[in-house]
Undergrad: 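Before we start, here is the structure in question, set down as structure tokens.
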Amino acid sequence: MSFPLLTATAALPALGAVATAAVPAAQRTAAKWLALLVSLATLALAVTVLVRFAPDGERYQLTENHAWIEDFGVRYELGVDGIAVALIALTALLIPFIILAGWHDADPLETGSRRWRPTQGFFALILAVEAMVVISFEATDVFLFYIFFEAMLIPMYFLIGGFGDRAHAHGEEAAATQRSYAAVKFLLYNLAGGLIMLAAVIGLYVAAGNFSLTEIADARAGGTLHMATNTERWLFLGFFFAFAVKAPLWPLHTWLPNAMQEATAPVAVLITAVVDKVGTFAMLRFCLQLFPEASKWATPVVLVLALISIIYGALLAVGQRDIKRLVAYASISHFGFIIMGVFAMTSQGQSGATLYMVNHGISTAALMLVAGFLISRRGSRLIADYGGVQKVAPVLAGTFLIGSLATLSLPGLAPFVSEFLVLVGTFTRYPVIGIIATFGIVLAALYTLVLYQRTMTGPVKPEVSAMPDLRVREVLVVAPLIVLLIFLGVYPKPVTNIIDPAVKQTLSDVHKKDPRPEVEAAK
């Protein structure tokens, strides 16, 4: 029996979470180091998955299949394609940086404060989220996926509500109220999506007789499983609704700005760079594979919603006064690009969407973590409270600039390649949608450059005149992310080689081919 590599990649952070939570209260530093070492070991396993995966091999590799709840057709079934491998690698890569960036975010506050927080719990919850996200990318049993898709809400709820941002202008009581509101809103939105998906999961079992993604997809492709048109459409809507909330897609997005504003910067990165990717990934894996005809039927509406997300998110980012809310609305705009690429039903669009998931995770982590270092120094999230930072903290300002330029998809940085592919892939099939979406790029340039100008340039404000530059730990967090942004911006081939075969197989599931270019015949 071969080593269960996929199980180990998800089980290690889960066991690490338990071990970290069990560290004695007085040993906070030991808990931090344990969590960091577990995250690095998980990264090593993820790299092993990456190395052992053969892009041109079977669609699902490193598979594990064991009986679980046999009476209901539920199995412990795991497998990864190129899309899942890329996102597992992204998740495992970001968690050590999230832990390092949040090294002091859960330290006890002043004696007698009502905001005392157990350090061990903070890092244990981060590892628990990592475990659940990884197994969500690996699961090929729909019921198994659903369990962890929902379960990850619990540690995220406590990370948002119990370990919120310390930079609050209205005192401790108001901060606690705002954190509770953001955490409850996050939970209710995602629970509502999950409950609707549960009904669709049950409906899928009634229609198919089992929960195996591979068996259902093969039966549909082979013509041995037929679904009535209305049945398929209703089931698609149940799955898509839950994924659209998680992604998030307009108009189901309103929980994200509150959650990112009130969470610490590392937890905000965990939300938008890691957890939210499960929603867009699931659209590719489950919506398109299980419900190909319904996916094509819903495409025009989904593209319009994605387009609204792109423009709406960018417009609201322009008007923000809070740094973290600006990044949140920028992410809503970026997720619009990802979903547009998924439903463009072209190889360029879907390859660009998958690459965008990876690149957005890296760029958002770089920008938000540097913003968190900035906010922790000044004690304010408001843009107006800054000015002239580049004169007193040039390294911080320089990394902030690169993160900002990556957010606006500057050529030479990683997000540019993915955004270009999405726009090309959309334009070849839906030219009007593609043209309008390009305005999101113009707005991105506006909100990112204005943010940099107002915080980093101009006269030095007295409150930032003594601001220290990035420390060694903070440089260790940001520097690798900057290197990756530049490397993947210049040479994205290592990632595209992994994801392209999986994208082609997904297109074949929905019986779509790339439009043939209209080339004028040579005279």
Side-chain angles (χ1 to χ4, degrees), residues 1-17 35-66 75-99 126-141 144-145 148-149 152 212-214 270 273-275 277-278 280-282 284-286 289 351 354-355 357-359 361-362 365 480-481 484 487-488 492-506:
M1 181 177 173
S2 60
F3 178 71
L5 183 57
L6 297 186
T7 294
T9 307
L12 180 58
L15 294 174
L36 180 60
L37 290 174
V38 168
S39 69
L40 291 172
T42 304
L43 176 59
L45 287 176
V47 171
T48 305
V49 171
L50 187 65
V51 170
R52 291 187 57 185
F53 182 80
D56 296 323
E58 295 291 329
R59 180 169 192 172
Y60 292 106
Q61 300 178 34
L62 306 175
T63 55
E64 302 173 31
N65 196 335
H66 307 285
R75 301 187 64 80
Y76 179 79
E77 188 176 333
L78 306 180
V80 289
D81 60 2
I83 299 169
V85 166
L87 293 175
I88 289 170
L90 171 70
T91 302
L93 174 70
L94 291 181
I95 295 299
F97 296 126
I98 288 172
I99 290 173
I126 291 175
L127 291 176
V129 172
E130 179 182 22
M132 294 176 187
V133 169
V134 167
I135 202 167
S136 295
F137 291 141
E138 297 173 344
T140 54
D141 182 278
L144 179 67
F145 169 83
F148 290 100
F149 180 82
M152 70 180 70
S212 172
L213 169 68
T214 53
L270 188 65
V274 176
V275 172
K277 297 299 185 299
V278 178
T280 48
F281 162 81
L284 276 167
R285 170 166 279 190
F286 295 101
Q289 287 190 49
S351 291
T354 305
L355 186 61
M357 293 184 217
V358 176
N359 292 339
I362 299 170
L481 298 174
L484 275 174
F487 175 77
L488 292 178
K493 189 177 180 181
V495 181
T496 56
N497 281 348
I498 294 171
I499 64 180
D500 282 351
V503 164
K504 291 178 181 177
Q505 291 170 324
T506 302

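Positions are given from 1, in the same order as the sequence printed here.
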Undergrad: Looking only at non-hydrogen atoms, find the nearest pair between A131 and A10 and report the distance.
TA: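 Nearest pair, atom of A131 first, then A10: CB-O, 3.3 Å.
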Undergrad: Would you say S212 and T140 make side-chain contact, with heavy atoms under 4.5 Å?
TA: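 No; the side chains remain at least 4.5 Å from each other.
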Undergrad: Atom CG of L78 and atom CG of N65: how far apart are they, to the nearest 0.5 Å?
TA: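 If I round to the nearest 0.5 Å, the distance is 8.5 Å.
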Undergrad: Measure the spacing between CG of L355 and CG of D500 and express it to the nearest 0.5 Å.
TA: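 The CG atom of L355 sits 9.0 Å away from the CG atom of D500.
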Undergrad: Just checking R59: does its CZ atom have more than 12 heavy atoms from other residues, nucleotides or ligands closer to it than 6.0 angstrom?
TA: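 Yes, the 6.0 Å shell around CZ holds more than 12 heavy atoms from other groups.
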Undergrad: Hey, could you give me the CG/CG distance between L45 and L50, rounded to the nearest 0.5 Å?
TA: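 Spacing of CG (L45) from CG (L50) equals 12.5 Å.
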Undergrad: Give the intermediate values and the outcome of side chain to side chain contact (heavy atoms under 4.5 Å, CB included) for residues I95 and L270.
TA: CA-CA 8 Å; I95 295 299; L270 188 65; 3.6 Å; yes
Undergrad: Would you say the side chain of L93 lies within less than 4.5 Å of the side chain of L484, judging by non-hydrogen atoms?
TA: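 Result yes, sub-4.5 Å side-chain heavy-atom pair found.
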Undergrad: Flag the pair L90 / M357 as yes when at least one side-chain heavy-atom distance between them is below 4.5 Å, and no otherwise.
TA: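 With C-beta onward as the side chain, the pair stays apart.
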Undergrad: Heavy atoms, side chains only, cut-off 4.5 Å: are T354 and V495 in contact?
TA: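 They are not in contact (no side-chain heavy atoms under 4.5 Å apart), so the answer is no.
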Undergrad: What closest approach, in Å, do P13 and E130 show between heavy atoms, and which atom pair accounts for it?
TA: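 Distance-wise, the nearest heavy atoms are CB-OE1, 3.6 Å.
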Undergrad: Has the side chain of R285 got a donor or acceptor atom that lies under 3.5 Å from a matching backbone atom of F137?
TA: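 Yes; judged by distance alone, with no hydrogens or angles, the pair exists.
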Undergrad: Could you check whether any side-chain N or O of T42 sits under 3.5 Å from a backbone N or O of A92, counting only pairs where one atom can act as donor and the other as acceptor?
TA: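 No, T42 side chain to A92 backbone: no donor-acceptor pair under 3.5 Å.
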Undergrad: After noting the C-alpha distance and the side-chain angles of T214 and E77, does the key distance pass the side chain to side chain contact (heavy atoms under 4.5 Å, CB included) rule?
TA: CA-CA 10 Å; T214 53; E77 188 176 333; 3.0 Å; yes
Undergrad: If you compare all heavy atoms of F286 against all heavy atoms of A139, which two are closest, and at what distance to 0.1 Å?
TA: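 So the minimum-distance heavy-atom pair works out to CZ-O, 4.0 Å.
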Undergrad: So, taking the atom named CD1 in I498 and the one named CZ in F53, what distance separates them when rounded to the nearest 0.5 Å?
TA: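 Those atoms lie 7.5 Å apart.
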Undergrad: The test is side chain to side chain contact (heavy atoms under 4.5 Å, CB included); show your working for V278 and M152 and say whether it passes.
TA: CA-CA 11 Å; V278 178; M152 70 180 70; 4.1 Å; yes
Undergrad: Which of these passes side-chain contact (heavy atoms from CB on, under 4.5 Å) with E138: V133, I88, T63?
TA: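 The single option meeting the side-chain contact (heavy atoms from CB on, under 4.5 Å) with E138 is I88.
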Undergrad: Any side-chain to backbone donor/acceptor pair from D141 onto R75? Under 3.5 Å, distance only.
TA: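 The answer is yes, because a donor-acceptor pair under 3.5 Å joins these two groups.
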Undergrad: Looking at CZ of F281 and CZ of F145, how far apart are the two atoms once the value is rounded to the nearest 0.5 Å?
TA: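 Between F281 CZ and F145 CZ, I get 7.0 Å after rounding to 0.5 Å.
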Undergrad: Measuring from L6:CG to Q61:CD, what's the distance to the nearest 0.5 Å?
TA: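 Here the rounded value is 10.0 Å.
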Undergrad: Which pair of non-hydrogen atoms, one from A8 and one from F3, has the smallest distance, and what is that distance?
TA: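 Of all heavy-atom pairs spanning A8 and F3, the closest is CB-CZ, 3.7 Å.
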Undergrad: Would you call the rings of Y76 and H66 parallel, tilted or perpendicular if under 30° counts as parallel and over 60° as perpendicular?
TA: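 The arrangement is parallel - the two ring planes meet at less than 30°.
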Undergrad: How far apart are the C-alpha atoms of L127 and I99, what are their side-chain angles, what is the distance that settles it, and do they pass the side chain to side chain contact (heavy atoms under 4.5 Å, CB included) test?
TA: CA-CA 9 Å; L127 291 176; I99 290 173; 4.2 Å; yes
Undergrad: Between T7 and E64, is there a side-chain donor-acceptor contact under 3.5 Å, judged purely by atom types and distance?
TA: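 There is such a pair (donor and acceptor under 3.5 Å, judged by atom type) between the side chains of E64 and T7.
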